[in-house]
Amino acid sequence: MEDLRLLVITGSERTGSLNRRLADVASREASRMAAHVQRLNLRDLQLPVYDGDLEAASGVPATTLQLLDAVEVADALLLVTPEYNGWPTPLMINAFDWLSRLRAQGERPAGLAATANKPVALLSASPGPLGGLRAMNYLRQYLQMAFAMIVVPQQFALVRAGEAFDAAGALKDERAAASVRNVLASLGALAAALRAARSPH
Ligand SMILES: Cc1cc2nc3c(=O)[nH]c(=O)nc-3n(C[C@H](O)[C@H](O)[C@H](O)COP(=O)(O)O)c2cc1C
């Protein structure tokens with residue numbers, strides 16, 4: 001992950017979010033692996049629920065540009081989301097739906113151009129026995145199909161997440177910690193391979 005610009009986004013920003021805690025673990029690991037980590041708080045963007053009439057009347061909300069800029073400069077993304085009834089959260093999906101509506105303007109790329117061929121990895125956490133596995137699989141499909149992102153095959157769902165962290169915020173189970181590192185290493189390897197393939201010889 002050396003010198004990789006990694007954008008970390010969570011699908012929950014509630015106080016005490018288990019997914020944010022997992023994102024914290026992954027961010028610390030990525031920093032240890034020499035990545036430059038940037039966090040973006042989707043809640044801070046205060047995006048309304050997507051509505052075509054709203055878009056027609058006032059355009060795409062200006063804060064969507066923060067997501068666009070963050071995605072554009074990143075070499076890779078890490079998305080960490082809970083599942084709500086088996087799906088990624090509205091916070092995550094709504095932000096990406098707005099991003100998809102941004103058109104190119106001057107030097108600024110369209111939302112879908114910024115995401116195209118960008119590597120991304122997925123993590124999730126849940127107090128339940130599936131750890132958000134179903135949401136990750138839908139999110140994988142959504143990002144590949146609509147956003148042309150390259151989703152790494154390796155993913156990790158933290159089950160029983162309510163008991164998974166110690167007082168310092170680390171994962172108690174070394175196998176879980178190794179799984180997070182494995183996802184990050186896979187993402188780093190993919191991003192490096194893509195970068196090498198794109199750079200002129
Ligand atoms: C509307 C709603 C639906 C949920 N559906 C699921 C679910 O399908 N599977 C699951 O494992 N947990 C489900 N949960 C429980 C969440 O995994 C749990 O609230 C989790 O802590 C949310 O993530 P966070 O701690 O990062 O906010 C649901 C929670 C809510 C509020």
Side-chain angles (χ1 to χ4, degrees), residues 6-32 35 37-51 63-64 66-67 70-71 74 76-99 115 120-147 149 151-184 186-187:
L6 179 67
L7 174 63
V8 179
I9 299 177
T10 62
S12 169
E13 288 291 349
R14 73 173 183 90
T15 307
S17 162
L18 297 167
N19 284 271
R20 215 170 50 194
R21 289 162 80 177
L22 183 57
D24 291 344
V25 167
S27 297
R28 284 195 296 271
E29 282 295 343
S31 297
R32 247 179 247 133
V37 177
Q38 193 205 340
R39 296 283 288 268
L40 181 74
N41 182 326
L42 292 180
R43 189 160 72 172
D44 287 350
L45 304 186
Q46 300 197 320
L47 292 167
V49 173
Y50 177 80
D51 182 313
T63 56
T64 312
Q66 292 178 35
L67 177 58
V71 168
L77 273 71
L78 179 70
L79 303 186
V80 189
T81 187
E83 66 179 28
Y84 287 171
N85 301 308
W87 278 82
T89 60
L91 183 69
M92 182 75 80
I93 296 296
N94 188 52
F96 275 83
D97 280 348
W98 276 119
L99 178 65
T115 58
V120 55
L122 309 178
L123 299 175
S124 69
S126 159
L130 294 179
L133 183 66
R134 294 173 299 177
M136 279 193 298
N137 289 337
Y138 287 121
L139 191 56
R140 168 180 299 279
Q141 191 181 348
Y142 172 80
L143 296 170
Q144 285 176 170
M145 178 266 300
F147 292 86
M149 298 186 85
V151 191
V152 295
Q154 291 79 7
Q155 60 182 24
F156 174 63
L158 181 66
V159 302
R160 313 269 181 233
E163 298 96 56
F165 301 93
D166 67 18
L171 286 167
K172 290 183 199 163
D173 181 0
E174 176 46 35
R175 284 170 307 177
S179 295
V180 172
R181 285 196 296 272
N182 180 44
V183 170
L184 290 172
S186 303
L187 179 62

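Counting convention: from 1, in listed order, for ligands and their atoms alike.
There is no protein heavy atom closer than 4.0 angstrom to atom 19 (O) of ligand 1. Distance remark: protein heavy atom present below 4.0 angstrom from atom 6 (C) of ligand 1.
At a 4.0 Å cut-off, at least one heavy atom of N85 sits close enough to ligand 1 to count as contact. Using a 4.0 Å heavy-atom cutoff, R21 is absent from the residues neighbouring ligand 1.
Evaluated by nearest non-hydrogen atom to atom 23 (O) of ligand 1, the leading choice among G128, A125, P82, S126 is P82.
Of all the heavy atoms of E83, the ones lying under 4.0 Å from any atom of ligand 1 are found in both the backbone and the side chain. At a heavy-atom cutoff of 4.0 Å, ligand 1 is contacted by both the backbone and the side chain of S17.
Near R134, the atoms of ligand 1 lying under 4.0 angstrom from a non-hydrogen atom of the residue are 7 (C), 8 (O), 9 (N). Close contacts of ligand 1 with N19, meaning ligand atoms under 4.0 Å from a residue heavy atom, involve 23 (O), 24 (P), 26 (O).
Other residues, nucleotides and ligands contribute at most 12 non-hydrogen atoms within 6.0 Å of the OH atom of Y138.
Between Y84 and ligand 1, no pair of N/O atoms sits closer than 3.5 Å. Between R20 and ligand 1, no pair of N/O atoms sits closer than 3.5 Å.
F165 places a side-chain heavy atom less than 4.5 Å from the side chain of L158. Counting only heavy atoms from C-beta outward, the side chains of L122 and N137 never approach each other to under 4.5 Å. I93 is listed as a side-chain neighbour of L139, based on a closest heavy-atom distance under 4.5 Å. Looking at T63 and Q46, their side chains never come closer than 4.5 Å, going by heavy atoms from C-beta outward. In this structure, the side chains of L18 and P127 come closer than 4.5 Å at one or more pairs of heavy atoms.
Across D24, L6, L7, I9, a single residue satisfies side-chain contact (heavy atoms from CB on, under 4.5 Å) together with R39, and that is D24.
The two residues G132 and S126 have their closest heavy-atom pair at N-CB, 3.8 Å.
Nearest non-hydrogen protein atom to atom 16 (C) of ligand 1 is P127 CD, 4.0 Å.
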